[in-house]
Amino acid sequence: MAEGKESKKDGQKDDFIPLRKSTKRKATGEEDNFMKSYYNELENITQQSEEQIDEIRWQNGIEIQGENCPKPVTSFKDLNLPPELQQYLANHGYISPTAIQMQALSCVMSGRDIIGLAETGSDQVNYSSMTNTVHMGTYLPYTSLSTGTPRMPGDHVVANNLESSFYSSPRATPISIKYHSVGICGGVPISSQVQELKSGVDVVIATPGRLLDLCERGLLSLDKVSYLVMDEADKMLGMGMEEQLRKVVGLATGTIRARQTLLWTATMPESLERLARSAVLNPITIQVGPVGLISPTIQQNVTFLYHYEKPAKLLQVLRSTPCPPVIVFASSIHNVDYVTELLKKEQFHASGLHSEKSQDYRFKLVSAFRDGKVDVLVATDVGSRGLDFPEVAHIINYELPDSIEDYVHRCGRTGRMGHFGVATSFLTLDCKIAEKLKEMLEVMDQVVPKELENTKQFGKRIIRTEFGDRVVDF
């Protein structure tokens, strides 16, 4: 029996042999799967001492691992960007880079593979989009390789859902004037996506399932991908997409071009470490802030309730919220629909977002919420990652999730870009993360409700009544 277990374990290890474990070489002897640097370090950066660089990183909470890491920059002007990119940043109020951008942008332009870890709420969508834009605006115009070849994109971004990837698409930047991008996901007709691919694209933003479907049908090839980005990699892995992501990496590993790979994540689960061994080569790991924790700009309010008290408490909390927009999280489709109808009856401008809604409806709802036409967005964990709404100052966990990672990412929908935010959570006896939640609150110096002093009473089966909840002992 023991031998059988060992062989199974060994077999599992064989499944994770790194795909990029050594550099390939051309006939000239040059390494051909490292992206060549297109970063010209300015004199004022070159002259900075190691002590000055260490001080910049320390002040901004930046930690790095990896060989020959480029120096961080403190201004977009230090990157010597093309004039149209500089003008775009100035016009849209981008004065100075965020902490993660300070280190990541110079690394991206140096052609290095990157694993980027930052606390949720630290503007991850924006820094991912920013690095994509910088890559396209600085590297691609000077490469002799052809772009826009039908069905063979030069850049490829993988995201867990198209709502998040849609808003990080280069369509919203001056790059869209020069380059053609397309969003690919399930839930919409494949024919229109195929038509766009046939017309020639430079950038594909895709969810893993539809991407692999197109590749298997021979309608899309990753043979010329030079820039592979996996945004919110931990979320995709948490959704059981490890096998799909490894297939994507395998298809892109056979590229005839040099390839640069970026993994963006808020946590570093073991499955991500396995994926990284296959996806990146000699990477620079950049960590900003404590990984797996909530931004200190977010106030966490946890209130113990019985289930019958939650509807009234929700209305009370919403009515005491100074102004919209607000996101309310529930853990099931049924409860999203229930809460949405409850709020509509109380004259709130509320709409529900979950996986049974059509892709077209989800696009329209996200746009409406962003434009202020919807005040309260009620969502399952479909909405807990990737969507970037800087105006959201309050999120409410009507039901707590089953994992502390999902709690972290839900809370990260507020307090974006260093703004102050509030995360209100309704704690009930069937909560499965009571112990870890207590630890989180203590570590972040937040108020711990007295009911959490005994975490063993939580996570059990309960019977709900109009007088309270009763634990069922077995």
Side-chain angles (χ1 to χ4, degrees), residues 120-121 161 163-164 235 294-295 298-357 361-362 364-416 419-428 430-433 437 449 464:
T120 187
N161 59 68
E163 286 95 337
S164 59
K235 174 64 174 178
I294 295 168
S295 170
I298 299 173
Q299 176 183 317
Q300 300 173 63
N301 299 330
V302 179
T303 302
F304 178 79
L305 295 169
Y306 293 123
H307 278 274
Y308 80 90
E309 298 176 303
K310 292 201 296 184
K313 185 64 175 180
L314 175 63
L315 296 175
Q316 177 191 337
V317 171
L318 284 173
R319 286 168 178 152
S320 64
T321 299
C323 60
V326 177
I327 302 178
V328 178
F329 287 106
S331 296
S332 69
I333 293 172
H334 175 269
N335 284 342
V336 165
D337 292 338
Y338 167 76
V339 172
T340 302
E341 290 306 311
L342 169 69
L343 297 181
K344 285 181 177 179
K345 289 178 181 178
E346 295 294 328
Q347 305 305 308
F348 286 95
H349 295 150
S351 293
L353 177 67
H354 55 65
S355 59
E356 289 190 357
K357 302 290 187 180
Y361 173 86
R362 288 155 69 175
K364 290 178 180 178
L365 174 53
V366 168
S367 296
F369 187 64
R370 187 181 297 277
D371 295 340
K373 297 176 182 177
V374 174
D375 292 337
V376 183
L377 179 66
V378 186
T380 57
D381 286 308
V382 164
S384 68
R385 304 196 190 195
L387 302 185
D388 184 33
F389 304 111
E391 300 82 7
V392 173
H394 194 179
I395 71 99
I396 301 171
N397 285 308
Y398 186 80
E399 296 173 297
L400 283 165
D402 291 342
S403 73
I404 197 67
E405 291 80 12
D406 285 334
Y407 172 77
V408 168
H409 284 280
R410 286 183 181 186
C411 293
R413 295 316 95 199
T414 186
R416 309 291 289 177
H419 296 156
F420 177 77
V422 177
T424 298
S425 300
F426 297 164
L427 172 67
T428 53
D430 51 353
C431 173
K432 296 180 180 179
I433 59 169
L437 177 60
R464 305 178 187 182

For Lys310 and Tyr398, indicate whether the former's side chain and the latter's backbone hold a donor-acceptor pair under 3.5 Å. yes
Could you check Leu314 against Leu343 for side-chain contact (heavy atoms from CB on, under 4.5 Å), going step by step and ending with a plain yes or no? CA-CA 9 Å; Leu314 175 63; Leu343 297 181; 4.1 Å; yes
Testing the basics here: between Ala379 and Val336, what is the closest heavy-atom pair and its distance to 0.1 Å? C-CG2, 3.7 Å
Do Pro325 and Val374 come close enough that some side-chain heavy atom pair is under 4.5 Å? no
So which atom in Pro311 and which in Leu342 form the shortest heavy-atom distance, rounded to 0.1 Å? CB-CD2, 3.9 Å
If I compare all heavy atoms of Arg410 with all of Glu399, which pair ends up nearest, and what's the gap? NH1-O, 2.6 Å
Going through the checks in order, is the side-chain contact (heavy atoms from CB on, under 4.5 Å) test met by Phe348 and Arg319? CA-CA 10 Å; Phe348 286 95; Arg319 286 168 178 152; 3.9 Å; yes
Closest heavy-atom contact between Tyr407 and Pro401? N-CG, 3.5 Å
Hey, can you tell me if Tyr308 and Tyr306 have their rings parallel, tilted or perpendicular (30° and 60° cut-offs)? parallel
Can you tell me how far CZ of Phe329 sits from OG of Ser425, rounded to the nearest 0.5 angstrom? 10.5 Å
What I'd like to find out is whether the side chain of Leu365 reaches to under 4.5 Å of the side chain of Lys357, using heavy atoms alone. no
Roughly how far apart are Tyr361 OH and His354 NE2, rounded to 0.5 Å? 8.0 Å
What's the separation between atom CZ in Arg413 and atom CD1 in Ile327, rounded to the nearest 0.5 Å? 7.5 Å
I want to check something: taking the side chain as every heavy atom from C-beta on, are Asp406 and Leu400 in contact at a cut-off of under 4.5 Å? no
Kindly assign one of parallel, tilted or perpendicular to the pair Phe369 and Phe389, based on the angle between their ring planes and the thresholds 30° and 60°. perpendicular
Quick check against the 3.5 Å criterion: does Ser332 have a side-chain atom that pairs as donor or acceptor with the backbone of Asn335? yes
With the side chain counted from C-beta on, respond yes when Ile395 and Ile298 share a heavy-atom pair under 4.5 Å apart, and no when they do not. no
How long is the gap from CD on Glu391 to OG1 on Thr414, to the nearest 0.5 Å? 11.0 Å
Any donor-acceptor pair under 3.5 Å linking the side-chain atoms of Asp381 with those of His409? no
Distance check, rounded to the nearest 0.5 Å: Asn301 atom CG versus Ile396 atom CD1? 10.5 Å
Do you know the tightest heavy-atom contact between Cys411 and Asn397? SG-ND2, 4.3 Å
Counting N and O atoms only, with roles assigned by atom type, does the side chain of Thr428 sit under 3.5 Å from a partner on the main chain of Leu305, one being a donor and the other an acceptor? no
What are the two closest heavy atoms between Asp430 and Arg464, and how far apart are they? OD2-NH2, 3.9 Å
Check this for me: His307, atom NE2, are more than 12 non-hydrogen atoms of other residues, nucleotides or ligands nearer than 6.0 Å? yes
First locate atom CG of Leu318, then atom NE2 of His394, and finally report the distance between them rounded to the nearest 0.5 Å. 7.5 Å
